[in-house]
Amino acid sequence: MIATNLDRNAPQQPDPQELAAIAKELRADVLKMLNLAGSGHPGGSLGMADVFTTLWFGGHMHVDPSKPDWADRDRFVLSNGHICPILYAILARQGYFARDELWTLRQLGSSLQGHPDFHFTKGVDCCTGSLGNGVSVGLGMAMAARVQGRDYRVYVGSSDGESQEGQVWEMATAAAHHKVDNLTLMVDWNGIQIDGYTKDVMDVRDLATKFEAFGWHAQTVDGHDIGALNDALNTAKTVQGRPQVLLCRTVLGKPISFMENQPKYHGVAPSDEELAAALVELGAS
Ligand SMILES: Cc1ncc(C[n+]2csc(CCOP(=O)(O)OP(=O)(O)O)c2C)c(N)n1
């Protein structure tokens with residue numbers, strides 16, 4: 001299902017089972033891409049699959065894949081750019097490019113690099129990978145809509161590890177000060193980052209309380225409950241005068257048993273044996 005609603009603030013009511021089936025196929029694509037590449041980041045890509053599936057296939061993104069440069073399109077910035085395999089799988093399924101391109105991930109000359117780059121990949125709105133940067137660009141895009149008199153929305157993917165960056169909180173301050181309400185941040189709050197558990201590396205504490213203190217409309221949501229995620233996205237669109245954040249409680253690596261909650265799989269691609277076992281667990285081929 002591709003978003004074609006003319007009223008971009010209309011509530012969406014997608015079928016959660018249909019979206020769960022899509023998320024399963026996207027997860028299988030992620031695992032295959034990373035196995036072929038031999039490197040990359042499976043943990044967050046799998047963990048955010050339900051969140052981003054709800055956004056992109058639940059009718060919330062107002063886009064036209066045949067016109068990636070359409071000025072009024074909704075924007076999506078993946079500020080935690082390392083989990084781009086899930087974005088690439090989504091963009092292929094949306095029709096921005098052929099699915100076969102997925103199997104070239106991270107190869108020299110591929111349009112799908114290890115971090116998103118709008119120079120190479122249709123559907124990518126911002127180069128990301130340096131944590132902290134994309135959230136600020138997303139705010140700039142949201143403010144540009146106001147200057148240009150456009151009504152597009154900007155969705156930004158972020159993470160608890162990225163929340164350790166001071167730049168996130170500069171962005172949060174500015175967004176609330178300027179009452180930017182066409183900006184929705186979606187944070188992968190899985191409690192894990194590159195070096196281990198976030199609470200051990202540098203505890204970010206209660207992100208919902210922090211964003212609320214900065215003046216944001218904050219919702220904490222089960223990042224694997226598609227119905228709840230859809231409700232939260234619908235609610236975010238009703239908020240006026242404040243930026244919104246969805247703090248998505250996710251499980252890194254879900255639903256692969258040997259990857260779930262294992263910091264190692266932040267950034268280790270599945271071997272051939274692991275891929276086979278993971279696809280069996282997924283019930284995918
Ligand atoms: C400015 C910057 N510093 C360091 C890094 C290296 N880095 C890549 S991913 C990562 C951890 C990010 O945490 P999180 O997104 O929570 O990890 P995940 O949940 O995907 O495991 C770090 C520090 C970076 N990409 N950018």
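When a ligand or atom number is given, it counts from 1 through the structure's own listing order. Note: hydrogens, waters and symmetry copies are ignored here, and every other heavy atom, side chains too, is used. One-based numbering along the sequence shown. All values derive from a computational prediction rather than experimental measurement.
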Contacts of type side-chain contact (heavy atoms from CB on, under 4.5 Å), residue Gln262, not counting sequence neighbours = Tyr265
Sequence-distant partners of Ser45, side-chain contact (heavy atoms from CB on, under 4.5 Å), two or more places apart = Val30, Ile83, Pro85, Ile86
Hey, is [X] close enough to [Y] for a salt bridge, meaning N to O under 4.0 Å?
| X | Y | result |
| --- | --- | --- |
| Asp50 | Arg27 | yes |
| Asp74 | Arg153 | no |
| Asp29 | Arg93 | no |

inquiry  = I'd like to check the salt bridge (Lys or Arg N to Asp or Glu O under 4.0 Å) partners of Glu212; sequence neighbours left out, ordered by chain and number.
reply    = none
Report each N/O pair between ligand 1 and the protein that falls under 3.5 Å, naming both atoms.
| from | atom 1 | to | atom 2 | distance (Å) |
| --- | --- | --- | --- | --- |
| ligand 1 | 15 (O) | His82 | NE2 | 3.3 |
| ligand 1 | 15 (O) | Ser159 | OG | 2.7 |
| ligand 1 | 16 (O) | Asp160 | OD1 | 2.8 |
| ligand 1 | 16 (O) | Gly161 | N | 2.9 |
| ligand 1 | 16 (O) | Ile192 | O | 3.1 |
| ligand 1 | 17 (O) | His266 | ND1 | 3.4 |
| ligand 1 | 19 (O) | Asn190 | OD1 | 3.2 |
| ligand 1 | 19 (O) | Asn190 | ND2 | 2.8 |
| ligand 1 | 19 (O) | Ile192 | O | 3.0 |
| ligand 1 | 20 (O) | His82 | NE2 | 2.8 |
| ligand 1 | 21 (O) | His266 | ND1 | 2.6 |
| ligand 1 | 25 (N) | Gly129 | O | 2.8 |
| ligand 1 | 26 (N) | Leu131 | N | 3.0 |

